[in-house]
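Inspection log for the structure reproduced underneath, given as structure tokens.
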Amino acid sequence: VAQLEAELAWRRTPTCCPTPQQQKPQWPTITPTGLLQADVAWFDQDDANRQTVGDIENGAAIRRGRIGALGQVAANVAYRLEFEFSTGNGNPLFLDTFVDVQQLPFGTFRGGHWIQPIGFNAQTPIRFTTFMERSLLQALVPFRETGMGVYNSFWDQRATYQATAFRAPTDQLGGNVGDSGGFGGAGRMTYLLVDQCDGRRLLHVGSSLGVIDRVAIPQAFPPPQEHN
């Protein structure tokens, strides 16, 4: 009986090691993004207004139609890709297309094509602007350009800094090859002076500065349609 039990136990023993359960790769991560904004307008004019400004036509258009993705390719490497398709010429427009290397001693290093740190108007995402379009002052400064930069926050995240160097002007695909453009730089610092009542009372101040090659100035600032 003991010999039979031993033989049965040997037969029940697995003849190979169990396959270890494979872990799902942690990277890369992909989060799809998108934006759709449609403009529709109807106008009614009297004769005096029509004689002054001319005939204002009714219309409808897709003002912004975007597809993108963001995520991580490593614990300290993030990316963002975003493209605009309502350009009117059949070609996509490169918007925020950059890579961030995070957790560096000085903060985060960024390379690619993104909004340069000049002013306050451009730093507000179009999803959160008060009006349909950005301020007209936006046409006076560089917007999205191709370059590199660093940024970080300090003093318990009450203060921030950004510094960039970029090529200008860049075209619809974020490029500029030749002698028709120049180089520029930009910097921005902010500080949160007052933060009370769980963020309901805030006083936020900042300053920015941009310097651009004179060769690029006549072409550096794209038309309003590209100020997205």
Side-chain angles (χ1 to χ4, degrees), residues 28 30-37 61-74 76-102 104 107-127 129 133-151 162-188 208-228:
I30 302 175
T31 302
T33 65
L35 174 67
L36 176 63
Q37 291 186 347
I62 301 298
R63 176 63 181 89
R64 297 176 178 89
R66 303 178 181 178
I67 294 178
L70 56 87
Q72 301 276 141
V73 295
N76 68 326
V77 180
Y79 70 92
R80 185 181 184 95
L81 303 172
E82 189 175 35
F83 306 94
E84 172 70 61
F85 292 91
S86 63
T87 58
N89 58 14
N91 297 318
L93 175 69
F94 279 52
L95 297 181
D96 292 327
T97 51
F98 58 80
V99 174
D100 280 351
V101 182
Q102 305 163 335
L104 298 175
T108 297
F109 172 84
R110 173 173 293 180
H113 184 256
W114 78 100
I115 297 174
Q116 297 304 307
I118 302 177
F120 182 76
N121 181 51
Q123 307 302 310
T124 303
I126 198 64
R127 297 173 176 85
T129 55
E133 300 295 339
R134 299 185 189 275
S135 167
L136 293 177
L137 295 176
Q138 183 59 46
L140 302 178
V141 298
F143 195 50
R144 286 185 174 91
E145 306 291 354
T146 299
M148 62 184 69
V150 296
Y151 66 93
Q162 296 172 278
T164 66
F166 54 86
R167 174 73 167 167
T170 54
D171 60 20
Q172 187 166 326
L173 301 180
N176 183 313
V177 178
D179 298 328
S180 61
F183 295 88
R188 183 171 184 262
S208 62
L209 174 67
V211 178
I212 189 170
D213 191 335
R214 288 195 307 171
V215 177
I217 288 177
Q219 314 170 60
F221 314 128
Q225 172 66 22
E226 296 190 13
H227 288 290
N228 291 323

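Shortest non-hydrogen contact noted between T87 and E84 is CG2-O, 3.7 Å. Between A168 and I212, the closest heavy-atom pair is CB-CD1, 3.8 Å. Residues R167 and E145 share a closest heavy-atom pair of O-OE1, 3.3 Å. R134 and T124 get closest at one heavy-atom pair: NH1-O, 2.8 Å. Residues G34 and R127 come closest through the heavy atom pair O-NH2, 3.6 Å. Closest non-hydrogen pair, F85 versus P92, comes out as CE2-CB, 3.9 Å.
Taken to the nearest 0.5 Å, the CG atom of L209 stands 8.0 Å off from the CD1 atom of I118. Distance check, rounded to the nearest 0.5 Å: CG of N76 to CG of L104 gives 7.0 Å. The CG atom of L36 sits 11.0 Å away from atom CZ of R64, with the distance rounded to the nearest 0.5 Å.
Between the side chain of Q123 and the backbone N or O of Q116 there is at least one donor-acceptor pair closer than 3.5 Å. Of the possible polar contacts, none joining the Q72 side chain to the P28 backbone as a donor-acceptor pair under 3.5 Å is found. In this structure, T146 contributes its side chain and G175 its backbone to no donor-acceptor pair below 3.5 Å.
For F109, there are no ring-ring contact (aromatic ring centres under 6.0 Å, His included) partners two or more places apart in sequence or in a different chain. Listed by chain and number, the residues in a salt bridge (charged side-chain N to carboxylate O under 4.0 Å, His left out) with R80 amount to none (sequence neighbours excluded).
Residue E82 forms a side-chain contact (heavy atoms from CB on, under 4.5 Å) with just one option from L95, L70, L93, and that option is L95.
Contact of the I126 side chain with the R66 side chain is registered, since non-hydrogen atoms from C-beta on lie closer than 4.5 Å. A 4.5 Å side-chain heavy-atom check between R144 and T170 finds every atom pair outside the cut-off. Side-chain contact between P142 and F166 is present, with at least one heavy-atom pair separated by less than 4.5 Å.
Checked against a 6.0 Å centroid threshold, the rings of F94 and F83 count as neighbours.
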TODO: Evaluate side-chain contact (heavy atoms from CB on, under 4.5 Å) for I115 paired with F98, printing each intermediate quantity in order.
DONE: CA-CA 10 Å; I115 297 174; F98 58 80; over 6 Å; no
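Applying the salt bridge (charged side-chain N to carboxylate O under 4.0 Å, His left out) definition to pairs two or more places apart or across chains, those involving residues 108-126 are D100-R110.
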